[in-house]
Amino acid sequence: MLQLNFIREQKERVLIGLQKRNFTTPQVIEDLLRMDDERRQTQADLNDLQAENNRISKEIGDLFKEGKRAEADALKNTVAASKETVKSLEEKLKNLESEIDNLLLSVPNIPHESVPHGKTADDNEVYRAWDRSLPDLPADALPHWELATKYNVFDLELGTKLTGSGFPVYRGKGAKLQRSLISFFLDENTAAGYEEILPPHMVNADSARATGQLPDKEGQMYYMERDDLYMIPTAEVPVTNIYRDVILEENQFPIKLTAYTPCFRREAGSYGAHVRGLNRVHQFDKVEIVRFEHPDHSYAALQEMLEHVAGLLDKLELPYRILKLCGGDMGFTSALTYDFEVYSAAQKRWLEVSSVSNFETYQSNRMKLRFRDGKKTTLAHTLNGSALALARIVAALLENNQTPEGIVIPQHLRRYTGFEKID
RNA sequence: GGAGGAGUGGCAGAGUGGUUUAAUGCAACGGUCUUGAAAACCGUCGUACUCGAGAGGGUACCCGGGGUUCGAAUCCCUGCUCCUCCGCCA
């Protein structure tokens with residue numbers, strides 16, 4: 001969430017940023033500033049009154065000690081009389097604060113100045129195109145869901161029996177391939193200096209709110225009412241929240257974490273041909289990287305993450321391109337997002353396999369993640385990215401690497417799988 | 001799930017209704033001394049909001065929420081977490 005001081009001091013920039021996002025109700029900015037003025041006035045009034053009451057209470061204590069009971073009793077009445085006022089001011093302040101908070105939660109992050117204008121995914125900018133050749137498959141090449149059946153890689157119908165639609169059951173070499181990819185990604189990430197984390201797969205509402213899933217994506221998460229817990233939609237949520245309510249020392253930067261978790265997403269209302277097979281499922285595996293950075297270095301860090309993810313795809317020998325998302329397509333909490341898309345040759349489509357973002361202070365403000373900056377505290381920057389999401393990588397691997405003899409495993413994965421082909 | 005105990009600053013740990021503006025110790029930071037270091041000594045040392053050009057001032061916060069009182073870290077209610085014992089259990 002944005003900081004009110006930032007909105008007050010850089011109102012023009014905020015309005016321009018919101019416009020880039022096609023944010024439809026920019027008048028909330030004026031509302032916020034007006035409510036904040038009222039909040040400050042209310043707090044000043046309340047504090048004055050409390051100061052006066054504190055002073056009198058102390059006086060009453062002194063009078064009692066001196067045995068001047070009558071005078072003390074008279075003063076008691078003075079304080080008692082202002083009690084109602086204190087109470088109503090407190091309530092007013094609380095209401096204003098929560099109204100401001102709710103309103104702030106509805107305002108998305110301000111895009112970085114380099115973010116392109118646009119409304120939909122069609123307006124995203126190709127940041128790095130694929131300039132090598134694309135796989136040239138024969139006309140009878142199969143989409144991954146048919147390959148899965150042919151080679152017993154995963155079974156969607158069985159998942160439907162066990163759980164419901166969108167919960168694949170991986171089998172045999174397919175299951176081993178999942179495990180191999182997870183290990184490969186984690187090893188690559190830790191080699192790049194990321195500490196491996198194995199977090200809980202459920203989080204409480206505080207955590208979901210801090211990273212921005214609540215209230216914005218409430219309907220996308222599986223929720224267990226009985227225990228008031230959410231199944232994580234990404235490792236970003238538990239991992240980023242490790243540093244909720246923390247004040248870092250400047251020399252602790254950069255903090256680099258990586259975690260494998262399954263991800264659970266309701267994906268309400270998405271059905272149809274374009275979500276067949278592994279293109280969109282309710283449960284998938286993902287290895288995430290998360291960073292906490294000094295504001296001066298967060299964009300350099302973002303660039304570094306970009307190259308890291310690109311390196312992973314290079315090792316998997318998958319054709320990919322990098323998009324810079326336009327204002328209309330970016331996530332609510334992000335300031336700048338790059339998407340990685342892998343080319344899935346049999347479907348002849350680009351599939352999103354990674355999203356790498358800088359959230360600047362948007363998450364850290366909700367999380368109260370600061371660092372000591374001389375005498376004061378300053379909000380840190382948070383970033384994260386997939387490195388990588390498995391399901392669609394598997395889809396692309398199956399399709400692009402199909403041969404008459406079976407599915408060829410990329411060189412770098414073989415020491416994890418122990419086999420060279422799925423046949 | 002049952003019974004009992006406990007939650008105070010980075011850590012340890014005092015504090016059961018009014019100089020608590022939370023003692024003291026440790027750690028940390030700055031300084032004096034020293035060739036350097038250690039020791040010693042002096043000083044600084046929570047967070048947030050707010051007023052102020054600044055110096056500095058005000059308010060709130062002792063696990064969270066509510067209450068009693070002129071006044072609450074302290075008393076009451078409630079929730080959460082941790083510890084001990086019992087039960088259940090991969």
Side-chain angles (χ1 to χ4, degrees), chain A residues 1-9 32-105 198-210 214 224-230 238 241-253 255 292 361-380:
Chain A
M1 120 182 117
L2 297 176
Q3 298 167 88
L4 261 173
N5 281 340
F6 174 77
I7 294 178
R8 198 180 307 120
E9 285 159 19
L32 275 168
L33 292 177
R34 201 185 53 247
M35 285 161 73
D36 189 46
D37 286 341
E38 195 180 346
R39 187 203 106 238
R40 283 193 288 178
Q41 186 55 53
T42 305
Q43 174 158 347
D45 294 345
L46 175 62
N47 287 359
D48 288 348
L49 197 54
Q50 284 170 323
E52 176 69 2
N53 284 350
N54 285 346
R55 194 187 58 73
I56 296 174
S57 292
K58 210 162 265 177
E59 210 173 304
I60 292 171
D62 292 340
L63 287 171
F64 265 117
K65 273 190 205 154
E66 294 164 24
K68 298 178 181 168
R69 193 172 199 104
E71 287 179 47
D73 283 340
L75 282 178
K76 268 193 197 182
N77 293 332
T78 316
V79 180
S82 73
K83 234 183 147 178
E84 283 302 308
T85 317
V86 169
K87 209 163 202 169
S88 78
L89 282 174
E90 274 175 347
E91 196 162 322
K92 186 178 174 191
L93 186 64
K94 213 173 177 180
N95 287 340
L96 277 167
E97 281 172 350
S98 87
E99 275 180 59
I100 288 171
D101 240 39
N102 285 337
L103 213 48
L104 270 178
L105 284 174
L198 207 164
H201 298 171
M202 303 181 201
V203 292
N204 57 31
D206 282 344
S207 293
R209 197 174 299 112
L214 288 179
M224 275 147 295
E225 192 170 12
R226 185 167 174 167
D227 298 290
D228 195 21
L229 294 172
Y230 296 84
N241 271 281
I242 290 174
Y243 288 93
R244 170 152 51 87
D245 290 321
V246 167
I247 300 177
L248 297 164
E249 299 300 329
E250 221 174 310
N251 63 15
Q252 287 181 264
F253 292 123
I255 295 172
F292 304 88
T361 59
Y362 197 88
Q363 290 183 328
S364 58
N365 190 35
R366 285 196 188 184
M367 285 205 296
K368 297 202 207 65
L369 164 58
R370 301 90 96 207
F371 65 96
R372 287 193 198 286
D373 188 11
K375 276 205 105 159
K376 56 183 179 35
T377 63
T378 300
L379 294 173

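Here is how names work: the chains are called A, B, and so on, in the same order as the sequence lines, proteins then strands, and each is numbered from 1.
- Using Watson-Crick or G-U wobble geometry with both donor-acceptor distances under 3.5 Å, G87(B) finds no partner in any strand shown.
- Here, A27(B) and G9(B) have their C1' atoms 13 Å apart, quoted to the whole Å.
- Separating the P atom of A22(B) from that of U34(B) is a span of 38 Å, rounded to the nearest Å.
- As rounded to the nearest Å, A73(B) and A23(B) have P atoms that lie 14 Å from one another.
- You can see that RNA chain B meets the heavy atoms of chain A within a 4.0 Å-exclusive cut from G18(B) to G71(B), reading 5' to 3'.
- When both pairing distances are held under 3.5 Å, A14(B) makes no Watson-Crick or G-U pair with any nucleotide shown.
- A residue-by-residue look at Arg370(A) and Arg40(A) shows that Arg370(A) has its nearest nucleotide of RNA chain B further toward the 5' end.
- Within 4.0 Å of Gln43(A), counting heavy atoms only, lies at least one base atom of the nucleic acid.
- As judged by a 4.0 angstrom heavy-atom cut-off over every strand, Ile56(A) is placed among residues making no nucleic acid contact.
- For residues 52-63 of chain A, the set of pairs meeting the side-chain hydrogen bond (donor to acceptor under 3.5 Å, both in side chains) definition, not counting sequence neighbours, comprises Glu52(A)-Arg55(A), Asn53(A)-Ser82(A), Arg55(A)-Glu59(A).
- G2(B) and C45(B): their P atoms are spaced 48 Å apart (whole Å).
- For Met35(A), the CE atom is densely surrounded, since the number of other residues' heavy atoms within 6.0 Å is greater than 12.
- Of all nucleotides present, only G31(B) satisfies the Watson-Crick or G-U wobble test against C41(B), with each distance under 3.5 Å.
- For the P atom pair drawn from C41(B) and U24(B), the interatomic distance equals 15 Å after rounding to whole Å.
- When heavy atoms are screened at a 4.0 angstrom cut-off, Ala51(A) is found touching the sugar-phosphate backbone but no base atom.
- Here Arg34(A) does not pair with Asp37(A) in a salt bridge; the nearest charged N to carboxylate O distance is not below 4.0 Å.
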With a cut-off of 3.5 Å and sequence neighbours excluded, list every side-chain donor-acceptor pair involving residues 90-99 of chain A.
unit_1, atom_1, unit_2, atom_2, d
Asn95(A), ND2, Glu91(A), O, 3.4
Ser98(A), OG, Asn95(A), O, 3.4

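- Between the C1' atoms of G10(B) and U47(B), the separation comes to 13 Å (whole Å).
- For the pair Leu46(A) and Thr377(A), nearest-nucleotide mapping onto RNA chain B gives the more 5' position to Thr377(A).
- Applying the Watson-Crick and G-U wobble criteria (two distances, each under 3.5 Å), C82(B) pairs with G5(B).
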Practice task
Run the numbers on Thr42(A) and Asp45(A) for side chain to side chain donor-acceptor pair (under 3.5 Å), then give the verdict.
Solution key: CA-CA 5 Å; Thr42(A) 305; Asp45(A) 294 345; 5.8 Å; no
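- Between atom OG1 of residue Thr361(A) and atom CE of residue Met367(A) there is a gap of 11.0 Å, rounded to the nearest 0.5 Å.
- Taking CG of Asp36(A) as the reference point, atom CD1 of Ile100(A) lies at 5.0 Å (rounded to 0.5 Å).
- Heavy atoms of Asn77(A) sit nowhere under 4.0 angstrom from any nucleic acid atom.
- Figure legend. C61(B) is base-paired to G46(B); pairs are counted as Watson-Crick or G-U wobble with both atom distances under 3.5 Å.
- Remark: the separation of the C1' atoms in C75(B) and U32(B) is 49 Å, to the nearest Å.
- Across all strands shown, G71(B) forms no Watson-Crick or G-U wobble pair with both distances under 3.5 Å.
- When the C1' atom is compared between C83(B) and U74(B), the two are found 23 Å apart, to the nearest whole Å.
- Atoms CZ and CG, from Phe253(A) and Asn251(A) in turn, are 9.5 Å apart once rounded to the nearest 0.5 Å.
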